[in-house]
Amino acid sequence: MNNGISIQNCTIQPVINEIIKSRRVIWDVLRLDRIHPQISGNKYFKLKYALSAAKSNQKTGLLTFGGAWSNHLLATAAMANLEGFKSVGLIRGEKPLVYSATLRDASELGMELRFLSRESYRQLSRVYQGEFEEEYPDYQYIPEGGYGEYGAKGAGEILMVHNTEDYDWIVTACGTGTTIAGLVFTAKPFQQLLGISVLKNHFDLRYDISSLLEDYTLIEKISFEDRFHFGGYAKHSPKLLAFMEKFFQDHAIPTDFVYTGKLMYAVNQLVNEGWFKCGSRILTIHSGGLQGNRSLKPGLLSF
């Protein structure tokens, strides 16, 4: 796929600091954030097969769900715009007096924005019940966050961007769990996966991932850490932002406070704790989404 989308930009970048040296592990980052400014990171992979289905089924548009700062929503709008599709975004919450930068960008890309009450959104976003089928019969439905079979299938191709066979651990942030479900399909038998939950009390995460696996026993390849949500989804603290700033200054890797900042913080902390045994080779997946940092007050981060 062209149109400014470049898989070739996705390099593997090492992270080297005193903790890494003392624990004698190797920590690399797969820079999926470099694919495209808006169709960033894992969003490209999770949308890939939904787009293919839309083309095969002769759909004219894409319909999906998201919040005011949703990376997935913006990526869907951009993908639709690039590929000549119409798009509709069903937005959580009442219509604001002033759009967020994300909603403004999505609208400028041609996405029709429809605002739902939080209760309606909760009922519809993950289990689509056809309420909009009559109004949008020619639109391809994509669940919130790209969750589902198409999303997981695409996410499995992340490990094909580079040769990743030398790693013992593949680590990624978990929202819907779609990305790590896809990674299970393509990880080598000897590789373990670690999911860093960015939601507080996400008790359904294991079930949501298992629902995407043809073989439920594959869930045993995944370990989970839920200590690094910093208060819940899209929550942050001065400690997290300070870490993100230092991580950028030390390694020139920008992160976002919703997903990848928490991911890198978690891996750094787990290495420090000795969670990974000496000699481990760790690959973290930078899932993009940097545009969400625009919701922060100016000046909190230098990138």
Phe247 vs Asn268, side chain to side chain contact (heavy atoms under 4.5 Å, CB included): CA-CA, chis, key distance, verdict: CA-CA 10 Å; Phe247 195 78; Asn268 191 74; 5.9 Å; no

Verdict with supporting geometry, Ile5 and Leu82, side chain to side chain contact (heavy atoms under 4.5 Å, CB included): CA-CA 10 Å; Ile5 298 172; Leu82 288 176; 4.2 Å; yes

Worked check of side chain to side chain contact (heavy atoms under 4.5 Å, CB included) between Gln249 and Ser302: CA-CA 9 Å; Gln249 296 299 330; Ser302 65; 3.1 Å; yes

Side chain to side chain contact (heavy atoms under 4.5 Å, CB included) between Ile222 and Arg206, intermediate numbers included: CA-CA 9 Å; Ile222 306 176; Arg206 182 179 289 268; over 6 Å; no

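In terms of modelled atom types and a separation under 3.5 Å, the side chain of Ser120 and the main chain of Leu116 share no donor-acceptor contact. Not a single donor-acceptor pair under 3.5 Å links the side chain of Asp204 to the backbone N or O of Asp208. A distance-only check finds a donor-acceptor pair linking the side chain of Asp256 to the backbone of Val258 [under 3.5 Å]. Judged purely by atom type and a 3.5 angstrom limit, Thr64 uses its side chain to pair as donor or acceptor with the backbone of Ile142. A donor-acceptor pair under 3.5 Å links the side-chain atoms of His286 to the main chain of Pro254, judged by distance alone. In this structure, the side chain of Thr172 does not engage the main chain of Ile180 through any donor-acceptor pair within 3.5 Å. Lys200 places no side-chain N or O within donor-acceptor distance of the main-chain N or O of Tyr233, the cut-off being under 3.5 Å. Not a single donor-acceptor pair under 3.5 Å links the side chain of His162 to the backbone N or O of Thr164. A donor-acceptor distance shorter than 3.5 angstrom exists from the side chain of Ser100 to the backbone of Ala68, with no hydrogens or angles considered. In terms of modelled atom types and a separation under 3.5 Å, the side chain of Thr284 and the main chain of Asp28 share a donor-acceptor contact.
Proximity of Ser287 to Thr260: side-chain heavy atoms (C-beta onward) are separated by under 4.5 Å at one or more points. Looking only at side-chain heavy atoms (C-beta outward), Tyr139 and Leu62 stay at 4.5 Å or farther from each other. You'll find the side chain of Ile35 reaches within 4.5 Å of the side chain of Phe45, heavy atoms only. Met111 is not listed as a side-chain neighbour of Leu74, based on a closest heavy-atom distance of 4.5 Å or more. Considering only heavy atoms from C-beta on, Ile91 comes within 4.5 Å of Leu73 through its side chain.
To the nearest 0.5 Å, the span separating CD on Glu144 from OG on Ser70 amounts to 7.5 Å. Between the CG atom of Leu63 and the OH atom of Tyr141 there is a distance of 8.5 Å, given to the nearest 0.5 Å. We find the NZ-CG distance between Lys43 and Asn71 to be 4.5 Å, quoted to the nearest 0.5 Å. Distance check, rounded to the nearest 0.5 Å: CD1 of Ile26 to CZ of Phe276 gives 13.5 Å. The line from OG of Ser107 to CG of Leu113 is 5.0 Å long, rounded to the nearest 0.5 Å. Here the straight-line distance linking atom NE2 of His229 with atom CD of Glu225 works out to 10.5 Å at 0.5 Å rounding.
Side-chain atoms of Gln140 and Tyr150 form no donor-acceptor pair, as typed in the model, at a separation below 3.5 Å. Looking only at atom types and distance, the side chain of Thr178 has a donor-acceptor partner in the side chain of Thr176 under 3.5 Å away. Side-chain atoms of Arg34 and Thr11 form a donor-acceptor pair, as typed in the model, at a separation below 3.5 Å. For the residue pair Asn42 / Thr179, a side-chain donor-acceptor distance below 3.5 Å is found, with atom types taken as modelled.
Within the structure, salt bridge (Lys or Arg N to Asp or Glu O under 4.0 Å) contacts touching residues 272-284 (residues at least two apart or in different chains) are Arg227-Glu273. Residue pairs meeting the salt bridge (Lys or Arg N to Asp or Glu O under 4.0 Å) criterion with at least one partner in residues 211-221, sequence neighbours excluded, do not occur; the list is empty. Within the structure, no pair that satisfies the ring-ring contact (aromatic ring centres under 6.0 Å, His included) test touches residues 68-96, not counting sequence neighbours.
Other residues, nucleotides and ligands contribute more than 12 heavy atoms inside 6.0 Å of the CD atom of Glu119. Residue Glu149 qualifies as open at atom CD: its count of foreign heavy atoms under 6.0 Å is 12 or below. Taking a 6.0 Å sphere around CZ of Arg294, one finds it holds more than 12 heavy atoms contributed by other residues, nucleotides or ligands.
With sequence neighbours left out, the side-chain contact (heavy atoms from CB on, under 4.5 Å) criterion links Pro96 to Tyr99, Phe115. The side-chain hydrogen bond (donor to acceptor under 3.5 Å, both in side chains) test applied to Gln13 returns Arg31, not counting sequence neighbours. For Lys239, the side-chain contact (heavy atoms from CB on, under 4.5 Å) criterion is met by Ser237, Tyr265, not counting sequence neighbours.
Ring pair His236/Phe257 is perpendicular by interplanar angle, where above 60° counts as perpendicular and below 30° as parallel.
Hydrophobic clustering places Leu159 together with Ile7 (ILVMFWY residues linked when any side-chain heavy atoms are closer than 4.5 Å, directly or through intermediates). In the hydrophobic clustering of ILVMFWY residues, with side-chain heavy atoms under 4.5 Å counting as a link, Leu109 and Met79 come out apart. A single hydrophobic cluster is seen to contain both Ile20 and Leu270, as judged by linkage of ILVMFWY side chains at heavy-atom distances under 4.5 Å, directly or through other members. When the side chains of ILVMFWY residues are joined at heavy-atom separations under 4.5 Å, either directly or via intervening members, Ile253 and Leu296 end up in a single hydrophobic cluster. Tracing side-chain contacts under 4.5 Å through hydrophobic residues (I, L, V, M, F, W, Y), one never reaches Tyr44 starting from Leu290; they form parts of separate clusters.
With Tyr49 as the aromatic partner, Lys153 meets the cation-pi criteria of under 6.0 angstrom to the ring centre and within 45 degrees of the ring axis.
Classification of Glu83 and Lys55 as a salt-bridged pair holds, one side-chain N sitting under 4.0 Å from a carboxylate O. We find that Asp168 and Lys188 are not joined by a salt bridge, their nearest charged nitrogen and carboxylate oxygen being 4.0 Å or further apart. Remark: Glu135 engages Arg114 in a salt bridge, criterion side-chain N to carboxylate O under 4.0 Å.
Aromatic pair Trp169/Trp275: centroids less than 6.0 angstrom apart.
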